[in-house]
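Below: the structure, in structure tokens.
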Amino acid sequence: MTQLMGRPLLEVPGELGGRPVLADLLAGVRTALVGLALVGVPVLGLWIATPYADSDAAGATRLAGALWLLGHGAPVLRGGADAPLTLTPLLLGALMVVRLYRAGAGVASRRGLRSRWGGPVAVWTGYCAVAVGVVLHCAGPGPFRSRVLPDLLVVGLLAGLSTAAGFRSVRPETAFARFLRSVAVGTGAWFDRLPPDWRPVGGMPAVCRAAAAAGAGLVAAGGLLVAGAAVLDAVTGGGRGMALLGRGPAALSGLLLLTVLLLPNAVLWGAAYALGPGFEVGAGTLVSPGGTELGAVPEFPLFALLPQEGPGGWRLAVLLLPLLAGLVPAVLLGRAAAGRRSPLGTGPWTPAATAVAALAAALLLGAGAAALGWLSGGALAAGRMARLGPVPWWTGLAAAGWLAVVAVPGALLVRHRALGPAGVECADAAECADADECADAVECADGVECADAVQQEAVEGPVDARPPAGGTAGLVRPAPGRGVHARLTAPVRRRALELRARTHALVRRLSGQRGPTG
């Protein structure tokens with residue numbers, strides 16, 4: 001019993017273990033069935049719990065199959081008029097991609113010889129075999145109907161890319177890995193075509209990290225807006241969303257399930273709203289910080305969070321969120337420009353190269369924002385509801401523009417602060433054992449690198465009870481060409497060192513200690 005329970009569903013043990021092609025084929029079938037069960041079990045449960053259901057079990061399974069196809073991004077026809085339904089629930093799509101990725105990685109980690117038809121090809125074939133059955137089952141009459149050829153093409157493409165990515169993660173020396181590596185090298189090769197002063201050498205990893213950090217910040221801003229809208233609706237909006245939930249347990253569960261599946265879409269719509277272009281909820285509508293123009297919208301909890309119609313007013317304050325999201329990328333690029341994060345040890349970049357790297361990160365972020373905006377949108381029906389979600393190219397341009405506005409001057413400022421007067425990198429804060437022993441890594445005029453009064457005493461002799469003429473100006477003096485920060489903080493450091501010198505001399509006098517000449 002323990003051996004049976006320890007084996008995964010549809011795992012192929014025993015004598016089939018010597019047939020890797022069949023094992024990989026059944027791994028793809030298992031992956032598709034598990035994903036289908038994640039959708040079908042809740043749908044069938046709601047159909048059973050719904051009193052006076054107007055469809056039979058075949059209609060419920062067709063609905064589950066249509067949702068499974070929508071999770072892959074496949075288009076589905078809705079109603080007797082065959083209205084297109086292309087709004088992809090991104091949470092369901094992410095679950096499908098993760099399942100396929102893990103299936104590809106699991107197949108690649110198995111040992112043993114494999115024919116050319118084994119591995120990811122067999123997994124993809126098994127997955128697509130289940131997809132063929134689902135598409136044919138959903139092709140019949142009903143409230144939701146599949147489109148056979150487009151659905152199979154979309155499911156096959158998603159399954160192939162996800163499985164190959166998982167296989168590549170364990171076997172990095174495959175042909176697919178070499179292809180991805182060549183694409184990455186070609187993407188960063190355009191830096192080499194620039195003049196030397198404009199070339200951020202080895203800067204492609206830093207550019208990718210900065211774009212990813214900016215994207216994470218925008219997604220966080222979208223999530224913050226969705227959460228704030230929900231709280232605002234519950235507190236002061238009259239509970240528009242709550243009013244839609246009082247329709248019985250089955251309706252409540254169905255609405256909550258659909259809301260959870262579409263929550264990532266709503267977060268991306270919130271990010272587009274924060275960027276400025278906003279999004280559409282039907283033809284001729286616009287939801288943006290500058291104003292909201294809405295007509296009749298479907299009764300759905302997420303649509304109840306939309307702002308009221310009218311000018312933006314105080315909602316224009318959300319435009320500060322993209323500015324905050326660009327601070328971390330600016331710091332990352334500035335530190336890379338100073339040479340601290342350079343994997344090749346190529347030294348600091350010029351200001352022009354730093355600006356080029358920031359602009360490249362902005363373009364990369366714009367491309368990603370446009371792609372996510374396109375994936376998060378779609379159609380709910382024909383006519384007025386044929387367009388929902390952000391406009392992809394407007395969203396991409398806004399994301400690239402906001403990051404360029406923040407990252408270019410921010411990275412230049414961080415680079416300037418991180419470098420010394422002659423372009424030499426300052427000591428990192430982690431290298432200083434004590435904050436008092438390293439005054440902003442400023443070198444003293446007499447060659448002493450740390451401006452601590454005790455080390456200054458060891459070099460120049462004991463400190464008298466009364467400071468020399470001119471105070472402690474000789475202890476801390478900004479090096480020529482030092483930045484504005486050092487010139488502004490030098491008087492404060494001089495006063496602090498003067499107070500420390502007086503205290504130290506007073507303690508020595510009270511303890512009866514004298515200098516070497518006393």
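Just so we're clear, the structure is a prediction, and the values are computed from it rather than from any experiment.
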Closest approach of [X] and [Y], non-hydrogen atoms and distance?
X	Y	answer
L100	S162	CB-CB, 3.6 Å
A411	T354	CB-CG2, 3.7 Å
A64	V39	O-CG1, 3.5 Å
G282	L388	N-CG, 4.3 Å
L158	H72	CD2-CD2, 3.6 Å
V148	V135	CA-CG1, 3.5 Å

Starting at [atom1] of [X], measure out to [atom2] of [Y] and round the result to the nearest 0.5 Å.
X	Y	atom1	atom2	answer
R147	C138	CZ	SG	14.5 Å
L69	L92	CG	CG	10.0 Å
T88	L70	OG1	CG	6.5 Å
L332	C208	CG	SG	12.0 Å
M385	L87	CE	CG	9.5 Å
L263	T259	CG	OG1	8.5 Å

- Message: According to ring-ring contact (aromatic ring centres under 6.0 Å, His included), does anything in residues 258-292 pair up with another residue at least two apart or in another chain? List the pairs.
- Response: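 Every ring-ring contact (aromatic ring centres under 6.0 Å, His included) pair that includes a residue of residues 258-292, provided the two are not neighbours, is W269-F279.
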- Task: Just grab all the ring-ring contact (aromatic ring centres under 6.0 Å, His included) pairs involving residues 381-402, residues at least two apart or on different chains.
- Result: none
Would you find a donor on one side and an acceptor on the other, under 3.5 Å apart, between the side chain of [X] and the backbone of [Y]?
X	Y	result
E309	L294	yes
D24	A122	no
R415	W349	yes

- Message: Can you list everything that forms a side chain to side chain donor-acceptor pair (under 3.5 Å) with R315? Sequence neighbours excluded, please.
- Response: none
Heavy-atom check, side chain of [X] versus side chain of [Y], under 4.5 Å:
X	Y	value
P75	P84	no
H137	T61	yes
T292	L306	no
V123	L25	no
W68	V134	yes

- Task: Might you work through the side chain to side chain contact (heavy atoms under 4.5 Å, CB included) test for M96 and Y127, ending with a clear yes or no?
- Result: CA-CA 11 Å; M96 303 303 174; Y127 196 91; 4.2 Å; yes
Identify every side-chain donor-acceptor pair in residues 210-227 under 3.5 Å, counting partners at least two apart or on other chains, and give the distances.
none

- Message: Before you tell me yes or no, could you show the steps for S376 and L372 under side chain to side chain contact (heavy atoms under 4.5 Å, CB included), namely the whole-Å CA-CA distance, both residues' side-chain angles and the distance that decides it to 0.1 Å?
- Response: CA-CA 6 Å; S376 65; L372 290 178; 5.9 Å; no
- Message: Please evaluate residues V76 and R145 with respect to the criterion side chain to side chain contact (heavy atoms under 4.5 Å, CB included), reporting the C-alpha separation (whole Å), side-chain torsions for both, the decisive distance (0.1 Å), and the verdict.
- Response: CA-CA 6 Å; V76 175; R145 192 161 55 88; 5.7 Å; no
- Message: For L327 and L324: C-alpha separation, side-chain torsions, deciding distance, then whether side chain to side chain contact (heavy atoms under 4.5 Å, CB included) applies.
- Response: CA-CA 6 Å; L327 295 180; L324 298 177; 4.1 Å; yes
- Among L268, V267, L261, whose side chain to side chain contact (heavy atoms under 4.5 Å, CB included) with L90 holds? L268
- All pairs passing salt bridge (Lys or Arg N to Asp or Glu O under 4.0 Å) where residues 60-69 contributes a residue, at least two apart: none
- Task: Using the salt bridge (Lys or Arg N to Asp or Glu O under 4.0 Å) rule, collect all pairs that involve residues 261-288, keeping only residues at least two apart or in two chains.
- Result: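 Matches after skipping sequence neighbours: E280-R387.
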